[in-house]
Structures are given as C-alpha cells and as structure tokens.
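For clarity, every value in this text was computed on a predicted model and none was experimentally measured.
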Amino acid sequence: MPTLKFANILLETNPRSVAYPSLYCRSDHPVVFDDHLGEWTMTGAGTFDFSTYFNSLSVMKLRKYTTAAKFALHLELKGAACKVQQTMGDAFAHSSIPVEGVSSELVASDDWQTVDLPLEVTDDMVILGFLVKTEGAVAIRNSYYVLETSAALNDIELVLSTTTFKKEAFIERNIGLVKDQIINSGDSIAEHFHMYVMDNGRTLDAEKLSDDRVQVVPNDNVGGAGGFTRGMITAMEQEPKATNILLMDDDVAVSPESIKRTYNLLRILKPEYRGDMISGAMLNYEVGEDQWEDIGNMTPQGTFAGCKPPLRLTLFEDLVYNELYTPTKWQKKNMYAAWWYCCIPISVIEKNGLPLPVFVRCDDAEYGIRCKTGFITMNSLCVWHMSFFERYNPAVERYQTTRNTMIAQATCGMAPKADFMYELHNNIRLELKKFGYRNAELCLDAFEDFLKGPSFIKKPGQAEQSFMAANRNKEQLVDFATLQSQIDADPELNGLRIADVDRQLIDGDKPRSLPERIEDLISDNNQRYLKKDGSGYAIIPLQGWLYPAGVIRGKHKLVVLDWYNRKGIIRTKDAERYKEIKKRYAHDLKYYKANIERLRKEYAAARSELTSLEYWKNYLKMN
C-alpha cells in the first residue's frame, strides 16, 4: 500500500508561535530554536505535549474523508533519556489522554535516534497526538506523521491564487515563504504547485518576484472577485492543467505547512469527497490562538456568520469541538467557505461557472452556496487575518454588502429564504438612530443600484466606479489630532479630551426602562413623532453593527471613534435630514414592490452570461 508523509511536526519562530506556543506544544519548559545548529530543543526535564492545534492529527476526519488506513509517527531525537507516548482525544476529552501500550523509550544519547511508532486508532478517537517525557534537554528534528493508504494517491496540480491591492509587505512576505518552504522544500508539492498573484494595484515588482513557479500578474483594479476569477481562469488554462485552486487573501499570515497539508489531503481524498471544497480557518491576527470562523453561513436575517462559536485553539476541548461540530439543517443549506483560505476543485468551477462580478464582498459566500459542494475543515488548515473590528469600512458593509447580497440572491438563488430586505431595513434604522446619515444613504445607494437591474453591474468598470463612489460618499473620518481641534471648537463638547477616553468608556452602555425602549423604537431616537432636539453628547465606537442604545438616547451629538485606527468624527442630530432619508427610502420601497418580480427574472436570465468564461475574459481584458 502507498505511504505518505502527511504532516510535519511543526515548530516555528514568528510572533504568533512565540506569543502562543501552546498552538504547537504544551510544556513545562520552553521549546527553543538554536540558530547555529538549526534544531529545536525541549529544554529541561518535563512533559512536552504535542497534542495541539498544529501537531495533533485529525484522525476521525482522515478516516472519513480519505483512504488513510494506518497511521504512524516518525521522530528524530537526541539528548537526555525520554519516553514517547501516543495520546488521543475523544468527544468527552478536556485534555489529551495517554494511549496505554503505544510508547517508545530512548536512552540518553548525543547521537540522533529514530522513533517509528505505529499508532493505535479506534472509532472513538477524534484526534491523536503524542507527548515526550524527558529527563533533561532533548533535541527534535525531521519529525512527521506517516499515513498508509488503501488506494493509489491522487494526481494533484495545486494552484495558490491571491489577489492584492497595495498590500506589498504582506504579499512579498508570503511569496518569500512559499518559495523557501514549498517550492524549495524537496517535497512532492514542489513539482505540482504554482502561485499566481493578481496585482490589482500594480505596485509589485513583477519581474523581480516572478519565476517559473510564482507569477505576479499586473491587473486592473477589479476587486477580489475579479482577481480571484482571473486566478481561476489561469489555473484552468495552465499546462499541466490545475486540479485544484487555493484562494487566499493578501493581508494574511500563513504557515506554509497548512498549504502542504492541504495538498497532501487532496492526494488521499476518497472519490466521493474529491468534489468538496476545503475551507481553512480564520484565526485572529491580533489574538493568534482565537478562531473566528472556519465555515460560514448566510443567516435567516440576511447576515454573514460563522457556523461555529468563537474557539480558543490552545484549549484541548476546543480542538475536539472544532473537529466534531455538525452544522444545523439551515447551515447545511446556506454554507460557504470564505476566500481567505478556500481550496476549490477545478471540476467544480467548470460545472458551476465563474463568480459574479461584484468587486468585493459576498462573492465567496454566493459561490460556495451556489456550488452546493461538501466542505472539509480540519485543525491546522488556517491563516491569521485581521479582525473585522479593525478594518470596518461603511463602503463595504453598507454599500457593497447590501447591494451584492441582493444581486446574488436574485441572480443565482443564494440563500433564498434569507431576508435581505430585513437586513436593509435594520441597517438603515440603526444608522439613523446613531445619526449616521451618510451611511444610511450608502444603504440606499446600494439598494437603488440593485434596482437598476443586471445591465448596471455588467458594464465594464462599473463595479470599481461604484465602490470608489461609495468610499467618497461615506462619512470621512479624521485623525485624533484633527478631531480634538474640532471638539475644542464646539461648545457642546466642552471639556472632552480624546486622551481621556478608555476602553471602559467606549465599550460601555446604559440600561433602558421599558417605556424608554418603546419611545426609542417609535421615535428613532426622537427624530420622528416625538421630535426632540436632544442635548449633550455620547462617545460610541465606529462599527456599524454595534448599538449602544442607552448611551445615545436623547443626545444631540455623538463622537464616533475608530478605536483601532485612531480616527473619528462628530455626528449631529438632524431631523430634517432624517426625514429626507425616510422619504427616499419609502420611494425606493414603492419601486421595489412594483418591480421586484421583473428584476428577479432579469437577474436570473443574466446568470449564464455573468458567470461565463467569455464574459469574464472580456471583463478582465484577457482576450
């Protein structure tokens, strides 16, 4: 039977591994890297448990999805006497459990010693791993899990495609990692791998960064949807033709080992799972042990959400939960894999067509739901990505999201029972209550552009123009220094110093009585019916989905702070502007009700063209 080196025992030197070593090894003493010797050392006598996010083996899923039949551990160790012990985790485990009878003991030696340990696997095991009990310092190198398969390995040609727009530091670092640790690795993946970087900002040195395995392609600013689509087309047309394409965001940190394991997983998938997408997790760039999402769904309320709750991946019980989670009935019908790390079979693209030309936001969700594949997730397949709190942009969340979800549902039937009109109504009211008039108008701009029908979105350059217009039309934040000068010139904000604002203040809210809640609901913070000018001010965070209702009620001004990027704006209650927006919204709703059936038919009829190779090649100027 074929054997495969499936996963290297991973130890790294980067900010995340240093800050969160328990993602790699839980231990009594540090595991340190010797630059001179090029090896890792488990320092001191103690227990070093590798039953972790990166170094455990997802045996339950491997047995389900792949032809893996036997499992073994290969270690190379030297130093003090030690004992290697297999561990496991079942559905009830809160910490790793030693597997009795599966161990190997080594005497002290200054020479490298090899351990090849066959691993015991039972039906109740979710993950397995190992620990090393040492009597002193022990060095480790060239260690990995080996799988024996019941069938021949699949032939895989993997493409990694990323789209970038003026994120040079991120993308150049990731290109360097790919070249050093994948292309020059000597592993099987090196001969069956290409990386395409679609440079929408045209700021990279394509000639310097490109070689026979990595190609930087200067591209028009066609957004993530256009860049990833160009990657798909290039992958389909390369020689040899790609079998799978891994889509990855530009502003991420990635471990090349995740890419290697994705390739190895593809090589051993059973025939019934070769058409599935592999969905990598988004770990928090700022809090590296936290998982935000590894599979998403469109909720009944018309919002994007992770299927799982947030998990802390240094907790053993969360590693088990991450593998065991079963999506709900709703989630199964409305699931998608986000394109920060998503591996798609080329056969799926050929069957279902290319993405919609929506520039950014919802392209990945619509595509995942449209294709109706299975989704494979697995511990250790991930990227670290900046949290949504840190990069909140109303041009994306209020314009792009509003418009694109409606287009996706009408064109391709995405999440047919999700209520995007409810989400539109909720967002407009939320912005109005917080005096975010410009952002409420962005929602209406998006709604009205959807009402123009598919002829609007299909026009060359329209997607970029619309997004740029939304960026111009959103409220424009200023840096804290400028904001402070504006505050000092405003008598109503007398005495406010931004330097005195802390997390407790900006995250705080106040309770409301039932009568107060009813009043706020009826009056939209005293802007209709009970028209009161209000008095005083409140300080609130920028993120549009937050609603500090008790803090803002009855106020005349709001100081809105982007805490992470040190910017802000002053909003002032304006009942007349509120009235104009509500009037415009009512007019739009009237048109919507009279024309929605016609629009749905027009969008549905445009699907085959908008997702076709011919359309996209013309759109991307590839003809």
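Residues M335 and C307 form a side-chain contact, since some pair of their non-hydrogen atoms from C-beta on lies under 4.5 Å apart. Contact check for T243 versus I346: no side-chain heavy atoms found under the 4.5 Å cut-off. Contact annotation: the side chain of L57 never approaches that of M125 to less than 4.5 Å [non-hydrogen atoms, C-beta and beyond]. Proximity of M198 to T234: side-chain heavy atoms (C-beta onward) are separated by under 4.5 Å at one or more points. Contact check for L483 versus K567: no side-chain heavy atoms found under the 4.5 Å cut-off. By the 4.5 Å heavy-atom criterion applied to side chains, T66 and R267 are not counted as neighbours. Annotation: side chain of F304 is in contact with side chain of T405 (closest heavy-atom distance under 4.5 Å). E286 has its side chain out of reach of W384: every pair of non-hydrogen atoms, C-beta onward, lies at least 4.5 Å apart.
Around atom NZ of K179, more than 12 heavy atoms belonging to other residues, nucleotides or ligands sit under 6.0 Å away. Counting non-hydrogen atoms of other residues, nucleotides and ligands closer than 6.0 Å to CH2 of W616 gives a total above 12. Counted within 6.0 Å of CZ on F33, heavy atoms from surrounding residues, nucleotides or ligands total more than 12; the atom is thus considered enclosed. Within a 6.0 Å sphere centred on CD of Q504, heavy atoms belonging to other residues, nucleotides or ligands number 12 at most. The neighbour count for R173 CZ, taken as heavy atoms of other residues, nucleotides or ligands under 6.0 Å away, is above 12. Atom CE of M421 has more than 12 heavy atoms from other residues, nucleotides or ligands within 6.0 Å. Heavy atoms of other residues, nucleotides or ligands lying less than 6.0 angstrom from NZ of K166 number 12 at most.
Between the side chain of N264 and the main chain of A7, no donor-acceptor pair closer than 3.5 Å is present. A donor-acceptor contact shorter than 3.5 Å links the side chain of N352 to the backbone of V348. Looking only at distances, a side-chain donor or acceptor of N14 sits under 3.5 Å from a matching main-chain atom of R16. In terms of modelled atom types and a separation under 3.5 Å, the side chain of Q331 and the main chain of T326 share no donor-acceptor contact. Remark: the backbone N or O of I9 is not paired with any side-chain donor or acceptor of Y144 at under 3.5 angstrom. Distance alone, capped at 3.5 Å, is enough to place a donor-acceptor pair between the Q409 side chain and the A418 backbone. At distances below 3.5 Å, not a single donor-acceptor pair connects side-chain atoms of N244 with backbone N or O atoms of L158. Looking at N439, its side chain never comes within 3.5 Å of a backbone N or O of K474 through a donor-acceptor pair. R512 contributes no side-chain N or O that, together with a main-chain N or O of A549, makes up a donor-acceptor pair within less than 3.5 Å. Judged purely by atom type and a 3.5 angstrom limit, N200 has no side-chain atom pairing as donor or acceptor with the backbone of F165.
Between L432 and A440, the closest heavy-atom pair is CD2-CB, 4.0 Å. In terms of heavy atoms, G374 sits closest to D276 at N-OD1, 3.2 Å. Residues A470 and L442 share a closest heavy-atom pair of O-CD2, 3.7 Å. Nearest heavy atom pair, residue R503 against residue W563, reads N-CH2, 3.5 Å. Between E423 and G302, the shortest heavy-atom contact is CG-O, 3.8 Å. Heavy-atom minimum distance, L265 versus F6: N-CE1, 3.7 Å.
Between F130 and Y145, the ring planes are perpendicular. Angles over 60° get that label, and only those under 30° would be called parallel. Ring geometry for Y325 against Y321 counts as tilted: the plane angle lies between 30° and 60°, on a 0 to 90° scale.
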If you apply the rule side-chain contact (heavy atoms from CB on, under 4.5 Å), what do you find for Y392 with Y564, and how did you get there? CA-CA 10 Å; Y392 180 80; Y564 299 96; over 6 Å; no
Verify side-chain contact (heavy atoms from CB on, under 4.5 Å) between R571 and E475, making sure each step is shown before the conclusion. CA-CA 10 Å; R571 295 177 183 168; E475 61 182 7; 2.5 Å; yes
Hey, mind stepping through I97 and F92 against side-chain contact (heavy atoms from CB on, under 4.5 Å) and telling me if it holds? CA-CA 11 Å; I97 303 168; F92 304 99; over 6 Å; no
Criterion side-chain contact (heavy atoms from CB on, under 4.5 Å) on S96 and R26, from CA distance to verdict: CA-CA 11 Å; S96 62; R26 299 183 191 89; 5.6 Å; no
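Residue L477 holds its CG atom at 9.5 Å from CG of L561, rounded to the nearest 0.5 Å. Atom CG of L356 and atom CG of D363 lie 8.5 Å apart (nearest 0.5 Å). From M406, atom CE reaches atom CZ of F420 across 8.5 Å, with rounding to the nearest 0.5 Å. Of the inter-residue distances, the one linking I156 atom CD1 with Y263 atom OH reads 7.5 Å to the nearest 0.5 angstrom. From N219, atom CG reaches atom OG1 of T163 across 7.5 Å, with rounding to the nearest 0.5 Å. Taking CZ of F71 as the reference point, atom CG of L128 lies at 7.0 Å (rounded to 0.5 Å).
Between F54 and Y24, the ring center distance clears the sub-6.0 Å criterion.
Counting only residues at least two apart or on different chains, the salt bridge (Lys or Arg N to Asp or Glu O under 4.0 Å) pairs with a member in residues 395-421 are R361-E397, R398-E431. Within the structure, salt bridge (Lys or Arg N to Asp or Glu O under 4.0 Å) pairs that include any residue of residues 313-325 comprise K61-E323 (at least two apart or interchain).
Partner of D199 under the side-chain contact (heavy atoms from CB on, under 4.5 Å) criterion, out of L209, N221, D250, V216: V216 alone. Remark: of the listed residues D364, D249, V222, I245, D249 is the sole one forming a side-chain contact (heavy atoms from CB on, under 4.5 Å) with F228.
Side chains of Y399 and D449: a donor on one and an acceptor on the other come within 3.5 Å. With hydrogens and angles left out, the side-chain atoms of S258 and Y341 include no donor and acceptor closer than 3.5 Å. For the residue pair E12 and S255, a side-chain donor N or O sits within less than 3.5 Å of a side-chain acceptor on the partner.
A cation-pi arrangement is absent between R370 and Y336, since the terminal nitrogen or guanidinium carbon is not both under 6.0 Å from the aromatic centre and inside a 45° cone about the axis.
Between R312 and D290, at least one side-chain nitrogen of the basic residue sits less than 4.0 Å from a carboxylate oxygen of the acidic one, meeting the salt-bridge criterion.
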